[in-house]
Each structure stands twice: as structure tokens, then as C-alpha cells.
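Note sheet for the following structure.
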There are 2 protein chains.
Amino acid sequence: MARAATTSDVFNAIAEPQRRQILVLLRSGERPVTELARELGMTQPGASKHLRVLREVGLVRDRKAGKQRLYGLDARGLRPVHEWTGGFERFWSGSFDRLDAYVQDLKQERQEE
Amino acid sequence: MARAATTSDVFNAIAEPQRRQILVLLRSGERPVTELARELGMTQPGASKHLRVLREVGLVRDRKAGKQRLYGLDARGLRPVHEWTGGFERFWSGSFDRLDAYVQDLKQERQEE
DNA sequence: TTGACGCATGCCGATATAGGAATATGATGG
DNA sequence: CCATCATATTCCTATATCGGCATGCGTCAA
């Protein structure tokens with residue numbers, strides 16, 4: 001088997017640097033495909049392909065606007081990623097002054113995926 | 001070109017579900033390869049390969065312990081991921097009652113990658 | 001030294017990319 | 001209806017996996 005399809009998993013979708021750049025750009029508002037392509041220095045088909053992946057995992061939504069198609073951010077799908085990484089926060093934030101909570105959380109962690 | 005090498009990017013390294021599981025397990029302490037493989041239902045070579053990727057991006061470290069090799073977590077590399085996704089937090093947390101900060105941040109965002 | 005054990009690596013096959021080029025599809029204006 | 005602009009899709013190539021299997025290598029005990 002090869003790598004899991006990017007199309008089915010947000011973690012995979014944001015593994016691509018250019019797709020992350022697209023998401024960052026979309027934070028400041030909707031944009032048509034061509035403008036995204038121009039701002040990121042990629043071809044129009046390239047932008048369309050990345051946008052398709054992002055759409056299929058639900059991170060962007062598209063809206064017809066006359067001849068153009070405006071892509072907008074729907075970042076809710078990033079929340080699980082934020083929370084998953086947040087589960088490791090105690091390992092980089094300060095020292096282990098919160099060791100109590102750490103030890104008490106162990107049981108729960110065993111059950112997370 | 002194909003997809004970027006997982007070995008050079010934390011985002012790619014954690015795009016693999018089994019690798020995420022390994023990281024979760026390691027939160028509760030160091031473990032030898034065989035135990036990880038057993039707990040996650042994968043083969044020993046499979047576990048070794050995933051651990052190699054995680055080691056190359058710096059998310060785990062290994063330590064020789066006699067015949068065994070103990071792998072331990074070094075989750076600092078997850079911090080950039082947590083912070084990057086955190087940059088989208090206002091899009092999922094509550095409504096836009098923090099619209100002021102949102103608008104004021106726009107200039108800075110333009111410069112992020 | 002010889003096994004036995006734990007782990008890493010090499011090789012293979014099947015698959016999923018990312019990117020480029022050309023083209024198809026869609027919508028708009030005249 | 002036609003020409004044009006904006007996007008999407010298809011075809012193709014090179015490459016990077018992931019998983020299974022066999023094997024190499026280092027360490028420890030007898």
C-alpha cells in the first residue's frame with residue numbers, strides 16, 4: 001500500500017506547503033483561483049488542484065461569483081489538528097511544573113488515538 | 001515531482017496515522033521498538049521505519065539500553081504545528097466577537113507563510 | 001564462540017501523489 | 001450563436017512513499 005490519500009484526511013491535506021500558504025492567504029478573505037495562483041507563484045491548474053484537495057477535506061468552500069469562483073476559508077477542520085498537537089503542549093511549555101496533571105492524564109491518553 | 005519527503009517536514013511526518021499513534025504512546029514514557037509494535041498491532045520492521053521518520057524530523061529520540069533501544073518523545077517539533085493551526089483559531093472559536101483583533105491582524109498575516 | 005534476541009535495513013510491489021502541458025467545461029458579453 | 005475569460009480536468013512522468021519479507025548487525029548470556 002502507498003501513502004494514505006490526502007483527500008481523506010486533514011493532516012495530509014496540510015502536509016503540503018503550498019496548501020498551507022493558500023489557507024493563510026484565505027484568512028484575509030475570499031479570492032478567485034487566478035489571484036491565488038498569482039500571489040503564490042503557481043500555475044492556475046496547480047492552484048485548482050490544491051484547492052480541490054482542500055475542498056474535499058472541507059477546509060475551503062467555493063462560491064460562484066459570475067465568471068469567477070471565489071474560494072473561502074472554512075478552518076473548522078483545523079481544530080482537531082490544533083487540539084491533537086495541544087495534547088503535547090506540556091512537553092514544550094516550561095518545565096514539568098505541571099507534573100501532577102501530567103501523571104493524572106496518563107490513563108486517558110492510553111485511550112486516545 | 002512527487003510529494004515532498006516526509007523526512008524533512010514535521011507536517012508530513014505526522015500525516016501518517018500510525019506515526020501519530022506512536023507519538024501518543026510515547027507520551028507516557030520511553031518504549032522499546034517491539035513493545036510499540038505490539039501495542040499498535042504493526043510489524044517490528046514497520047515500527048522501525050516509522051520511528052526512523054519520526055527521529056529524522058526530531059520528534060523522537062533513541063537511547064540504547066542493552067539489547068534494546070528505547071524511543072522517547074521529543075515533542076518540541078509539534079509546537080510549530082500547534083501554533084500554525086492556532087493562527088486559525090478565531091475561525092472556529094465562537095463567533096466573531098473578536099472581530100477587532102481580527103481586522104487588526106490582517107496586515108501581519110499577509111507576511112506569514 | 002555460539003545462539004538467541006532486538007532492531008535496522010534492503011528489496012519488492014502497488015499506489016498516490018505533485019507538476020507541467022494541453023484541453024475540456026462554464027459562464028459572460030455582444 | 002460566438003468569442004473570451006476563468007476554472008477544472010485529463011494525460012503523462014518522476015518520485016516518494018507504505019507494507020511485507022528476508023536478512024544483516026549488534027548485544028548479551030551460556
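Numbers restart at 1 for each chain; the letters A, B, ... are given by sequence-line order, proteins then strands.
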Whole angstrom is fine here: how far is it from [atom1] in [X] over to [atom2] in [N]?
X: A/K49; N: C/dA21; atom1: NZ; atom2: P; result: 11 Å
X: A/E35; N: D/dC5; atom1: CD; atom2: C1'; result: 16 Å
X: A/Q18; N: C/dA18; atom1: CD; atom2: C1'; result: 9 Å
X: B/R55; N: C/dC7; atom1: CZ; atom2: C1'; result: 10 Å
X: B/N12; N: D/dC18; atom1: CG; atom2: C1'; result: 13 Å
X: A/L54; N: C/dA18; atom1: CG; atom2: C1'; result: 14 Å
X: A/L70; N: D/dA8; atom1: CG; atom2: C1'; result: 16 Å
X: B/E16; N: D/dA16; atom1: CD; atom2: C1'; result: 13 Å

*asked:* Using 30° and 60° as the class boundaries, would you call the ring planes of B/F11 and B/W84 parallel, tilted or perpendicular?
replied: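 Perpendicular.
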
*Taking for each residue the nucleotide of DNA chain C bearing the nearest heavy atom, is the 5' side occupied by A/T43 or by A/G66?*
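On the 5' side of the pair lies A/T43.
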
Counting the atoms with a prime plus P, OP1 and OP2 as sugar-phosphate, which does [X] contact under 4.0 Å by heavy atoms, base, sugar-phosphate, or nothing?
X: B/K64; answer: sugar-phosphate
X: B/Q44; answer: base
X: A/S48; answer: base
X: A/P45; answer: base
X: B/G46; answer: nothing

Is the shortest side-chain N/O distance from [X] to OP1 or OP2 of [N] below 4.0 Å?
X: A/R69; N: C/dA27; value: no
X: B/Q68; N: D/dC28; value: no
X: A/R52; N: D/dA8; value: no
X: B/Y71; N: C/dA8; value: yes

*Take B/M42 and A/T34, find for each the nucleotide of DNA chain D with the closest heavy atom, and name the residue whose nucleotide sits nearer the 5' end.*
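With B/M42 and A/T34 compared, the 5'-side residue is A/T34.
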
*More than 12 non-hydrogen atoms from neighbouring residues, nucleotides or ligands closer than 6.0 Å to CZ on A/R76, yes or no?*
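No, because the 6.0 Å sphere around CZ of A/R76 holds 12 heavy atoms or fewer from other groups.
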
*Please check if B/L70 and B/V24 belong to a single hydrophobic cluster, counting links between Ile, Leu, Val, Met, Phe, Trp and Tyr side chain heavy atoms closer than 4.5 Å.*
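No: no chain of side-chain contacts under 4.5 Å links B/L70 to B/V24.
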
*Any chain of hydrophobic side-chain contacts (each under 4.5 Å) joining B/L36 to B/M42?*
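Linked within one cluster.
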
*Quick one: the side chain of A/K67 and the base of C/dG29, do they pair up donor-acceptor inside 3.5 Å?*
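No pair found.
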
_N/O donor-acceptor pair under 3.5 Å between A/E16 side chain and A/Q18 backbone_ =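 The answer is yes, because a donor-acceptor pair under 3.5 Å joins these two groups.
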
